[in-house]
Amino acid sequence: MNESSTQKSIGFDALYQYAGVSVQVISGAVFYLALTRLFTTSQVGAIALFVAINGLFNIVFQLGLGRGAQHFISYYIGRHDLRSAKKVLLKIVSYGFIFSILSYIAIYLLSGDISLLLLKDERIHLAILRLLGIVVFGNVLFGVLNSSLLGLQKFKLSAIINIIVWTCYYLIAFVFAFIGGSLLYIILGWVVGILAGVAIEFASIIKIISSYAGGGNSTPSRVIFYYSIPVFLFSITSFGASYADRFIVAGFMALSQLGIYNIALLISSSINFIITPFGNILLPKFSELYGLGKKDAIRNNFRVASLLLSYVFVPAALGVISISGPLISTLAGVRYVGAMWPLDIIMFSAALFVVFNISIQALASIRKTRVLIFTSSSSFTINVSLSLLLIPSFGTIGAAVGYISVYVTNFFTLFYFAHKYEVSSIDFKGLTKIWISSLAMFFFLKGVTLLAPYPPYLIPIYILGGLIIYI
């Protein structure tokens, strides 16, 4: 496959995933911003902690099985062995169901300690956290099922399901919160949305694999977990590295400050939706190429993917920095303008080191997942150390510095290993052109916002002008 056809293949599959992920991120962002108008900053901070707890338990109890599903199913598809693909899928989904039940039991048993330690009020939040356990159960199972769809190369179907599920997930939660007026109703809405998603994905997978013949080679469980456990450890330590600043902010500062800082993280994660679709499609595609024994093709796809990702992400990140002040004021109100500097720090670093996301997929596709343990443990240690050192003195800016240390550490360690195992290739000339165009757009937008007034209705015009400059 030549570079032009490779770009086209990755591009079309990415478009499907962009549609699904963008709906998830945008609906989540709109939901969270709407809650800032309904609840106090302390309540918004509590919601941010619920999201963090949900994310942590989701990662812990998926145990890396989602990535395992993407890799092994795609690997067997690449070898044209649909029987074995079906067999490994059913085995991984079975494990996913068992671990999702364990996740509910764990959060139920720990709910009292979590409520007292992080939310400072056991009586009010205990019932909410136990209901959140059902959300965690659904998210664990939904994640494994969705990864199985990606492993089956059903990128379009996965995107359609994501659009339906995440729209319902946040819309139902907002309606319940608006009617009920309490945090409990938000969690109840999430329960309804995620369980509906699990039912839809399970039915879709059964329909697809029903046409596959039975039998095939059985992938031993030890092989699956030998691959998945390092991914799990990478995920959990990466989550800890990414969320350490939030928990430390909650420990040293008021929940209102966490609510403000979370606006910066919300906007940056909303831009990060550009990255997620690449991960969703590259691991299955790289794994399929690995099954075919085409390591050179993985390297070629690495070069193409890094250019495509940078072409979209770098200008988006610099564009957000150039209008961060008016953007935050418009979306969340002047109470949250303190999130501007943390947002600028996070977005610039994310743009500078975005290529490390391609390295993760390339290394996972050739089963070099053990190197991820070293990377994630290093980033976790550095982030926790910097956060503990800087947050007490510099507040949310110190938290942002701790947060970006994850990007820096992951970039250098992962790219080193990708180069070592000969699955990386970078077009430095192409990346330089992207950065020159992006910086030109940045200075144009920054100059306009500094010299001219910026009422909310002008923000889309500024963005359009910056886009024209970039192109």
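Because the structure is predicted, anything quoted here is derived from the model rather than measured.
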Go through the steps for Leu33 and Leu266 under the test side chain to side chain contact (heavy atoms under 4.5 Å, CB included), then give the verdict. CA-CA 9 Å; Leu33 291 170; Leu266 172 67; 4.0 Å; yes
Are the aromatic rings of [X] and [Y] close, with centres under 6.0 Å apart?
| X | Y | result |
| --- | --- | --- |
| Tyr227 | Phe72 | yes |
| Phe353 | Phe411 | yes |
| Phe412 | Phe356 | no |

Nearest 0.5 angstrom please: [X] [atom1] to [Y] [atom2], how far?
| X | Y | atom1 | atom2 | value |
| --- | --- | --- | --- | --- |
| Phe417 | Ile366 | CZ | CD1 | 11.5 Å |
| Leu195 | Ile200 | CG | CD1 | 11.0 Å |
| Ser147 | Gln70 | OG | CD | 4.5 Å |
| Ile206 | Glu201 | CD1 | CD | 12.0 Å |
| Ser287 | Leu150 | OG | CG | 11.5 Å |
| Ser103 | Phe57 | OG | CZ | 8.5 Å |

Check whether any side-chain N or O of [X] sits under 3.5 Å from a backbone N or O of [Y] as a donor-acceptor pair, and report yes or no.
| X | Y | value |
| --- | --- | --- |
| Ser438 | Trp435 | no |
| Thr167 | Ile164 | no |
| Ser405 | Gly402 | yes |
| Ser228 | Phe225 | no |
| Asn54 | Phe50 | no |
| Ser377 | Phe374 | yes |

Nearest heavy-atom neighbours spanning [X] and [Y]:
| X | Y | value |
| --- | --- | --- |
| Val140 | Gly96 | CG1-O, 4.2 Å |
| Ile208 | Lys154 | CD1-CG, 3.9 Å |
| Ser379 | Val406 | CB-CA, 4.1 Å |
| Ser378 | Thr409 | CB-CG2, 3.8 Å |
| Val231 | Gly64 | CG1-CA, 4.3 Å |
| Leu152 | Tyr212 | CD2-OH, 3.8 Å |

Go through the structure and list residues passing side-chain contact (heavy atoms from CB on, under 4.5 Å) with Val337, not counting sequence neighbours.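 Partners of Val337 under the side-chain contact (heavy atoms from CB on, under 4.5 Å) test: Ser329.
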Within 6.0 Å of CZ in Phe202, more than 12 heavy atoms from elsewhere: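 Open.
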Taking CZ in Phe415 as the centre, count heavy atoms belonging to other residues, nucleotides or ligands within less than 6.0 Å. Is the count above 12?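 Correct, the count exceeds 12.
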Does the side chain of [X] pick up a donor-acceptor pair with the side chain of [Y] at under 3.5 Å?
| X | Y | answer |
| --- | --- | --- |
| Tyr76 | Thr219 | yes |
| Ser74 | Gln153 | yes |
| Asn262 | Tyr32 | yes |
| Thr375 | Thr413 | yes |

Does a side-chain heavy-atom distance below 4.5 Å link [X] with [Y]?
| X | Y | answer |
| --- | --- | --- |
| Ile263 | Ile260 | no |
| Tyr170 | Trp190 | yes |
| Val136 | Phe61 | no |
| Pro230 | Leu372 | no |
| Ile194 | Trp166 | yes |
| Ile224 | Leu65 | yes |
| Ser148 | Ile73 | yes |
| Tyr75 | Ser84 | no |

Side chains of residues 289-297: which donor-acceptor partners sit under 3.5 Å, not counting sequence neighbours?
unit_1	atom_1	unit_2	atom_2	d
Lys295	NZ	Tyr421	O	3.0
Asp296	OD1	Arg299	NH2	2.4

Check step by step if side chain to side chain contact (heavy atoms under 4.5 Å, CB included) holds for Phe99 and Val60. CA-CA 9 Å; Phe99 292 138; Val60 169; over 6 Å; no
Given the rule in the side chain to side chain contact (heavy atoms under 4.5 Å, CB included) test, do Val198 and Val165 qualify, once you have shown the distances and angles that lead to the verdict? CA-CA 9 Å; Val198 167; Val165 170; over 6 Å; no
From Val144, Asn139, Leu141, residue fulfilling side chain to side chain contact (heavy atoms under 4.5 Å, CB included) relative to Gln62: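 When Val144, Asn139, Leu141 are each tested with Gln62, the side chain to side chain contact (heavy atoms under 4.5 Å, CB included) holds only for Val144.
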How would you list all residue pairs meeting side chain to side chain donor-acceptor pair (under 3.5 Å) that involve residues 342-368, not counting sequence neighbours?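 Side chain to side chain donor-acceptor pair (under 3.5 Å) check on residues 342-368 returns Arg67-Gln361, His71-Arg367, Ser324-Asp344.
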Would you sort out whether Tyr403 and Thr396 count as a side chain to side chain contact (heavy atoms under 4.5 Å, CB included), showing the intermediate values? CA-CA 10 Å; Tyr403 185 88; Thr396 56; over 6 Å; no
